[in-house]
Amino acid sequence: MLDNLRNFATTIPGKILGVFLLIGLAGFGITGALASIGSNTVARVGNKEITIRDFQTAYQAQINTAASQLGTVPTPDQAISLGIPSQVISRLSTEAALDILGEEMGLGVSDERLAEGLRSVAGFAGTLGTFDREVFIRVLQQNNITEKEYFDARREAAKRQQIAQAIFSQAPAPEVLGQIVQRYGEDRRILDYFLIDELSLLPIASPEDDVLQAYLEENQFLYRTEEMRTIQAIQLSPEVLAKNINISDVDIEAEYERTKQSLFRPERREIKQVSFASDQVAEQFQAALDEGQNFEEAATALELEVAELGRLLRRDILDVRLADAAYGAELNEAVIVPSALGQRAIVVTNIEPESTLSLAQARRPIMQRLAIARGREQFIDVLDQIEEQRAAFIDLDKTAEQFDLTLVNVAISIDGNELVDTLNLDATEAERIAAAVFRAEIGGLAAMATLGANKSVWYDLLSIEQARNQELSDVRETLATAWMAEQRAIALADKANAFVEQINGGQPLQDIAVVNGFFPVISQPVSRGGDGSSDIDANVATVAFLGGENHVGTAQNENGAYVVFKVSSVMQAEEPLRAEDRDFIEGNYRDNLFTDFSTALRDDAQLSINQGVLNQVLGFGPSGSTQPGGGFN
């Protein structure tokens, strides 16, 4: 059956089908909601159900990917704005449609093939670089996946791969596609050009007040102040209380004796390794060591790749023979270690001996830890007393004085960045407090801002400076500088465009350059990235490639100068497309065909979404929102 599908893909009808799939399915989207789907089902494609667990596993993986790129875990609302739920549904539903086709075709994969694939997954490799079952189990547990679920998923993925290879592995990309790619990447232009910059402009007179006033009115949004609110605030946390707590030497010494065992640091060794492809290579390596070469020199001479195993405890090394060799070797001594997978050599490059922190070394961290622990014990009691004083309308400065807390006065903007340093908050905490401040009223009793189980802030709003349009007198100097810069930019662009018009009118570029005091230049061959000089960069090259021979234009390079040019010649790509480039084009072309084919299958199988269950899984209510205007619709 697979051969028949592969043969069909190379026939005229098969190619026609591919074209229709390529151009006709791009508009497919996730539509349709079905309230009758089971309460454990997020969506259904044909007779295949996407369960809550299926969705949550894929969704969390996508969230983790987004978090690694953004540097923070996106909230449900942010995830929706990034399109993550739609992407997950799209992928799972497409895979489900392919699984249906695989079942209809009777596809399968043997246990031996699955095991072979498992051993090749780098993420399951242990210290020695080979498959390690303990690592495998740990990775599955970290991702909340059972062995059965993993192997079921791999089996289905193998079926989908069989479908892709059967239908599209022999589908050739159009020859013209390779030609277009080759021309795009390898064509070159030779430019006649000259540079003009601000030094070529006549002086621009300083603007009068009426000019600046008009400019300010046109650009008032750039010169409007933002609203600022001045508050006084105090912060309470175990760390804040700890600063005023004294810990006696007796307590420090007692804690040291109590925790002394935890202060023991076992020996660690920094280990490097090379593997040998054969016993002959191992013998050559040993011979090099015998001749006086060190580990690195011998590895370099035999072109062996040195692997960093890291700084390891003995218990971290699962291979007993490797552990014995590493912890029996002297510093910088190379040792050849046999194993079931072939011989390898190791060297210990650093030894961190076992040790126990002395009382003097441990004194400061112990003192800080005990002070914070006592601050944590006092936290609730102090918090209750402060809340009582707030309810009695006692001034915040008196409260701060009584509990020896730092009172800060600070003017903040809507993002609260000013609080990061003054109250030692992170950006998220500062933003939360600022949001509350900008809802508060002067004279009102602001509620305590809770930033965690053991962190609270109290504040009073003292004054509000409303956002306003600034007057000319407020921004005269800044405004004049901006106006002058804008006038110079306009004059420079106008001058470059005027030269382009003269060249298009028949005047030689070289003559225009010389008459106006510029130096005409002939460029090196220009690619779409430029010619390697600071004059002709990618900005200029982009405009130069808008036309062929005799094309005239101007563009501003990254240095701020305008390049006025004329394309004197076009050098078309002559070298044939490289084999690796051809393979890349073929691979992407087939991937696109397979993607469109998969989308068509999904469309034909009909996707239905249980919107209520999906909203609940995403953390929204049945109506699809956590707040007015939110939700996944």
Side-chain angles (χ1 to χ4, degrees), residues 191-228 411-415 417-418 465-505 507-521 523 526 528-547 551-567:
L191 309 182
D192 294 331
Y193 73 94
F194 60 89
L195 293 173
I196 62 172
D197 56 27
E198 291 189 2
L199 295 176
S200 67
L201 298 175
L202 295 174
I204 296 176
S206 298
E208 299 294 336
D209 280 359
D210 59 336
V211 174
L212 287 179
Q213 183 62 45
Y215 185 73
L216 176 60
E217 292 173 0
E218 292 173 4
N219 299 276
Q220 184 61 256
F221 66 97
L222 296 174
Y223 299 96
R224 183 175 172 81
T225 66
E226 59 180 329
E227 181 178 333
M228 300 294 291
I412 67 171
S413 56
I414 187 63
D415 57 19
N417 284 336
E418 300 81 1
E465 182 181 338
Q466 299 287 354
R468 64 178 180 85
N469 292 336
Q470 295 193 78
E471 301 295 332
L472 179 58
S473 57
D474 298 325
V475 291
R476 184 188 306 277
E477 185 175 342
T478 302
L479 204 65
T481 300
W483 183 89
M484 294 285 285
E486 182 177 295
Q487 296 306 306
R488 285 193 296 269
I490 293 172
L492 194 61
D494 289 344
K495 189 170 186 176
N497 289 325
F499 288 144
V500 169
E501 290 182 7
Q502 293 176 30
I503 298 170
N504 282 328
Q507 297 185 46
L509 180 144
Q510 290 80 1
D511 291 352
I512 294 174
V514 172
V515 167
N516 288 277
F518 302 114
F519 188 74
V521 182
S523 75
V526 178
R528 293 181 185 272
D531 69 350
S533 71
S534 59
D535 292 350
I536 311 298
D537 58 17
N539 295 338
V540 179
T542 297
V543 179
F545 272 82
L546 293 177
H551 169 55
V552 178
T554 183
Q556 191 173 27
N557 62 26
E558 292 186 356
N559 294 329
Y562 274 84
V563 179
V564 178
F565 67 84
K566 182 175 183 179
V567 179

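All values below come from the heavy atoms of this structure, side chains included, with hydrogens, waters and symmetry mates left out.
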Enquirer: Can any side-chain N or O of N516 pair as donor or acceptor with the backbone N or O of F518 at less than 3.5 Å?
Expert: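 Pair absent, no side-chain N/O of N516 close to backbone of F518.
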
Enquirer: Under 3.5 Å, side chain of K495 to main-chain N/O of I196, donor-acceptor pair present?
Expert: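 Side chain of K495 to backbone of I196: no pair is present.
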
Enquirer: Considering only heavy atoms from C-beta outward, does the side chain of W483 approach that of N219 to under 4.5 Å?
Expert: no

Enquirer: Is the backbone of A561 close enough, under 3.5 Å, to the side chain of N559 for a donor and an acceptor to pair up by distance?
Expert: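 Judged by distance alone, no pair lies under 3.5 Å.
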
Enquirer: Within the structure provided, determine whether L191 and V567 are in side-chain contact (heavy-atom separation under 4.5 Å).
Expert: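 Contact flag for L191/V567 side chains = yes.
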
Enquirer: Indicate yes or no for a side-chain donor-acceptor contact from D537 to the backbone of V540 under 3.5 Å, with no hydrogens or angles considered.
Expert: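 Judged by distance alone, yes, a pair lies under 3.5 Å.
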
Enquirer: Evaluate the side-chain proximity of S413 to M228: yes if any heavy-atom separation is below 4.5 Å, no if none is.
Expert: yes

Enquirer: On a heavy-atom basis, which atom in A482 and which in Y223 lie closest, and how many Å separate them?
Expert: CB-OH, 3.5 Å

Enquirer: Surrounding CD of Q220 (heavy atoms of other residues, nucleotides or ligands, distance under 6.0 Å), is the total greater than 12?
Expert: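 It does: Q220 CD has more than 12 such atoms within range.
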
Enquirer: Testing the basics here: between A555 and N539, what is the closest heavy-atom pair and its distance to 0.1 Å?
Expert: CB-O, 4.0 Å

Enquirer: Applying the side chain to side chain contact (heavy atoms under 4.5 Å, CB included) criterion to V564, which one of I512, V500, N497 satisfies it?
Expert: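 Answer after filtering I512, V500, N497: V500.
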
Enquirer: So which atom in N557 and which in S534 form the shortest heavy-atom distance, rounded to 0.1 Å?
Expert: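 The answer is ND2-O, 3.6 Å.
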
Enquirer: Please report the closest heavy-atom contact between R476 and L212, naming both atoms and the distance.
Expert: CG-CD1, 4.2 Å

Enquirer: State, to 0.1 Å, how close R224 and A467 come at their nearest heavy-atom pair, and which atoms those are.
Expert: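 Closest approach of R224 to A467, heavy atoms only: NH2-O, 3.5 Å.
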
Enquirer: Let me confirm one number: the CZ-CG distance from F565 to D535, rounded to the nearest 0.5 Å.
Expert: 13.5 Å

Enquirer: Near Q466 CD, under 6.0 Å, is it more than 12 heavy atoms from other residues, nucleotides or ligands?
Expert: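 Buried by this count: over 12 neighbours within 6.0 Å.
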
Enquirer: Is it the case that Q470 and T225 place a side-chain donor and acceptor less than 3.5 Å from each other?
Expert: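 There is no such pair between these side chains.
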
Enquirer: If every non-hydrogen atom of V543 is compared with every non-hydrogen atom of H551, which pair is closest and at what distance?
Expert: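 Closest pair (atom of V543, atom of H551, distance): O-NE2, 3.1 Å.
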
Enquirer: Quick check against the 3.5 Å criterion: does D531 have a side-chain atom that pairs as donor or acceptor with the backbone of S523?
Expert: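 Not a single qualifying donor-acceptor pair exists.
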
Enquirer: Give a yes or no on whether the ring-centroid distance for F499 and F194 is below 6.0 angstrom.
Expert: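 F499 vs F194: aromatic centres under 6.0 Å.
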
Enquirer: D511 side chain to V514 main-chain N or O, any donor-acceptor pair under 3.5 Å?
Expert: no

